[in-house]
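Read through the structure below, which is laid out as structure tokens, and then see the notes.
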Amino acid sequence: MHNLKQIRENLEYFKKSLSHRNSEVNYEQILDLDKKNRQLIQEKEKFEMEKKNISKSKDESLFEKSKEISKQIENLSKKQKIIKSELDNLLSSIPNLPLDEVPIGKDENDNIEVTKSGEIKDFKFKPLSHYELGEKLNMLDFDLATKTTGSRFVFVKDKLAALERAISNFMIDTHIQKNGYTEISPPLMATDETMFGTGQLPKFENDQFEIKFDDKNDRKFLIPTAEVILTNMVKNQIIDKKKLPMRLVASTPCFRKEAGSYGKDTKGMIRQHQFYKVELVSIVENNQCMQELERMTECATKILDDLKLPYRKIILCTGDMGFGAEKTYDLEVWLPSENKYREISSCSSCGSFQARRMKARYKNNNNIEFVGTLNGSGLAVGRTLIAILENYQLEDGSITIPEVLKPYMGNIDKISNN
RNA sequence: GGAGAGAUGGCUGAGCGGUUGAAAGCACCGGUCUUGAAAACCGGCAAAGGGGCAACUCUUUCCUGGGUUCGAAUCCCAGUCUCUCCGCCA
């Protein structure tokens with residue numbers, strides 16, 4: 001959410017900056033509503049002052065007049081509220097401004113590779129896809145999931161289920177023990193207000209799974225990422241500066257409708273309605289965002305290093321960034337069966353964009369300022385499972401276990417079909 | 001599910017129709033003292049929004065939404081949440 005005053009005073013900058021984000025903003029309408037809004041506020045306040053003075057004077061002869069004034073106020077107030085809500089509506093659908101250092105571009109093709117790490121194995125045979133491997137092992141069952149639940153779900157069974165759990169535990173332990181994060185086991189549902197805070201609402205309601213409660217007006221949403229619930233832990237409060245930075249980690253299921261991605265990645269478990277993800281969230285002083293983004297991204301790459309998976313780090317261009325982000329690094333892991341890199345983590349700084357929506361502030365000496373918020377996957381568990389299957393496969397279809405995961409797998413070193 | 005109690009500033013907590021935006025304490029900031037720190041003492045300190053170049057000023061806000069009243073943190077109604085007790089159940 002942007003500050004109206006900022007838009008008013010830096011209109012050209014906003015126009016220019018947002019033009020690279022594939023978003024259409026009706027500036028005229030916003031400025032017009034803003035003007036009307038302020039006019040109404042001024043008129044209303046004039047009456048309010050008059051009324052207040054009468055009331056203070058306790059002069060009974062003016063009481064009748066005061067009643068009339070009340071009507072005027074009510075009238076103006078109604079109008080003003082309508083204008084304000086229209087204005088808020090428009091405002092809440094404007095994405096964050098990309099930082100100047102973010103490359104300008106239209107879509108994913110304009111993202112820029114920053115670094116490449118790890119060694120891509122030279123397979124002496126044709127590497128299978130994760131779903132071929134999983135089905136051969138009898139440990140990934142998509143048909144069964146279709147039967148019980150529908151498309152874009154999967155049953156992970158036996159040793160692969162254990163591997164999935166091992167991945168998650170290894171990641172969390174690493175972030176807690178080595179990277180200074182605090183583990184959280186949060187609710188998996190969130191209210192409208194919470195979803196608004198991180199930017200899922202109002203614009204992306206169609207991507208969310210809604211849960212109905214008994215009371216018709218009471219609904220919740222399944223979280224599409226733990227970012228939502230972790231970031232909102234600081235909403236509506238003024239935090240003691242000493243508590244910053246806050247670094248939080250959670251491993252949770254995530255739920256996404258994947259609306260608009262019909263036909264995309266329909267095979268396998270690349271794109272599911274439900275998947276596990278280890279999420280990192282940082283709440284920092286707002287001038288620490290860039291520093292923290294680098295740190296957070298390193299925490300994620302370290303996991304890939306430890307798992308000895310080949311990957312590259314890219315910086316997203318203006319057109320490919322998420323709604324709330326001001327700068328984003330994606331980590332992409334190598335998938336031999338596709339012969340290309342696929343996203344496995346996304347680390348973003350949102351600056352104070354989400355903080356303004358959430359009203360999350362901190363006291364800096366005697367100034368009240370909005371916090372900075374960052375989120376990153378460290379990493380997507382399902383996709384890490386995929387990456388391990390594919391990169392660690394042997395010719396007979398069995399999978400070796402990455403060294404760091406062995407302690408989490410009862411020290412077995414191989415998963416095979418017998 | 002049944003019966004009570006409550007929701008006030010960053011926190012604790014008074015106030016229960018008229019200079020109350022709100023006592024007091026803690027925290028925080030500035031100062032005196034000190035070689036430095038602590039302690040002690042003095043002073044400052046709610047937020048959001050509007051107007052003004054500025055000094056400053058106005059409005060709103062005591063969980064949320066309605067209502068009563070010239071006037072509401074204070075009274076009434078509805079809702080949300082929290083706590084205690086009973087019942088039920090992972």
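Numbers restart at 1 for each chain; the letters A, B, ... are given by sequence-line order, proteins then strands.
- Shown here, B:rU19 forms no base pair; nothing in the strands shown gives a Watson-Crick or G-U wobble contact with both key distances under 3.5 Å.
- Listed candidates were B:rG66, B:rA48, B:rC58. Nearest to the side chain of A:E45 is B:rC58.
- Nearest to the side-chain atoms of A:R361 among the listed nucleotides B:rG66, B:rA48, B:rG71 stands B:rA48.
- The gap from the C1' atom of B:rG79 to that of B:rC28 amounts to 36 Å, rounded to the nearest Å.
- Both distances falling under 3.5 Å, in either a Watson-Crick or a G-U wobble arrangement, occur for no nucleotide opposite B:rC89.
- Following rounding to the nearest Å, A:Y362 (OH) and B:rG10 (P) show an atom-to-atom distance of 16 Å.
- Here B:rU60 presents its P atom at 16 Å from CD of A:E43, a figure rounded to the nearest Å.
- Comparing B:rG87 with B:rC75, their C1' atoms are spaced 35 Å from each other, to the whole Å.
- With C1' as the reference atom, B:rA5 and B:rA55 are 49 Å apart, rounded to whole Å.
- Remark: A:K159 NZ is loosely packed, at most 12 non-hydrogen atoms of other residues, nucleotides or ligands lying under 6.0 Å away.
- Whole-Å rounding puts the A:M49 CE to B:rC70 C1' distance at 18 Å.
- Taking the side chain of A:I41 as heavy atoms from C-beta on, and the options B:rG50, B:rC58, B:rU60, the nearest nucleotide is B:rG50.
- Here the side chain of A:E48 is nearest to one of B:rC28, B:rU59, B:rC70, namely B:rU59.
- Out of B:rG51, B:rA27, B:rA48, the shortest distance to the side chain of A:Q42 is found at B:rG51.
- Between the NZ atom of A:K242 and the P atom of B:rC29 there is a distance of 7 Å, given to the nearest Å.
- B:rA90 and B:rG6 are spaced 34 Å apart, taking the P atom of each and rounding to whole Å.
- Between A:R342 and A:E338 a salt bridge is recorded (basic side-chain N to carboxylate O distance below 4.0 Å).
- Between A:K52 and B:rU60, a side-chain N or O to OP1/OP2 separation shorter than 4.0 Å is present.
- Note on A:K56: every side-chain N or O is 4.0 Å or more away from OP1 and OP2 of B:rU19.
- Contact between the side-chain N/O atoms of A:R38 and the OP1/OP2 oxygens of B:rG49 is not found at any separation under 4.0 Å.
- Under the Watson-Crick or G-U wobble criterion, with both distances below 3.5 Å, B:rU84 is paired with B:rA3.
- Taking atom CD1 on A:I83 and atom C1' on B:rG49, their separation rounds to 16 Å, with Å as the unit.
- Comparing B:rG18 with B:rU84, their P atoms are spaced 35 Å from each other, to the whole Å.
- A distance of about 27 Å separates the C1' atoms of B:rU59 and B:rC77, rounded to the whole Å.
- Rounding to the nearest 0.5 angstrom, the gap separating the CD1 atom in A:I7 from the OH atom in A:Y27 is 7.5 Å.
- B:rA78 and B:rU64 make up a base pair, with Watson-Crick or G-U wobble contacts both under 3.5 Å.
- The line from CD1 of A:I401 to CE of A:M409 is 4.0 Å long, rounded to the nearest 0.5 Å.
- Nucleotide B:rG49 holds its C1' atom 12 Å from the CG atom of A:D88, rounded to whole Å.
- Along RNA chain B, the nucleotide nearest to A:K58 and the one nearest to A:I368 differ in position, and the one closer to the 5' end is contacted by A:K58.
- Judged by Watson-Crick or G-U wobble contacts below 3.5 Å, the nucleotide B:rG10 has B:rC26 as its partner.
- Crowding of A:Y131 atom OH: a count of heavy atoms from other residues, nucleotides or ligands under 6.0 Å exceeding 12.
- With a 6.0 Å cutoff to the six-membered ring centre and a 45° limit on the axis angle, A:K220 counts as a cation-pi contact of A:F213.
- A gap of 15 Å separates the C1' atoms of B:rC63 and B:rU74, to the nearest Å.
- Here A:T384 contributes atom OG1 and A:K277 contributes atom NZ; the two are 11.5 Å apart, rounded to the nearest 0.5 Å.
- Remark: B:rA37 base-pairs with no nucleotide in the shown strands. Criterion, Watson-Crick or G-U wobble with two distances under 3.5 Å.
- Nearest-nucleotide assignment on RNA chain B puts the 5′-proximal partner with A:D34, out of A:D34 and A:K44.
- A donor-acceptor pair is defined here as one N or O able to donate and one able to accept, closer than 3.5 Å; such a pair exists between the side chain of A:T318 and the backbone of A:H20.
- One C1' atom belongs to B:rG9, the other to B:rG25, and the distance between them is 13 Å to the nearest Å.
- To the nearest angstrom, P of B:rG49 lies 18 Å from NZ of A:K81.
- Following rounding to the nearest Å, A:K241 (NZ) and B:rC29 (C1') show an atom-to-atom distance of 12 Å.
- Applying the Watson-Crick and G-U wobble criteria (two distances, each under 3.5 Å), B:rC45 pairs with nothing in any strand.
- Checking B:rG50, B:rG66, B:rA27 against the side-chain heavy atoms of A:R8 singles out B:rG50 as nearest.
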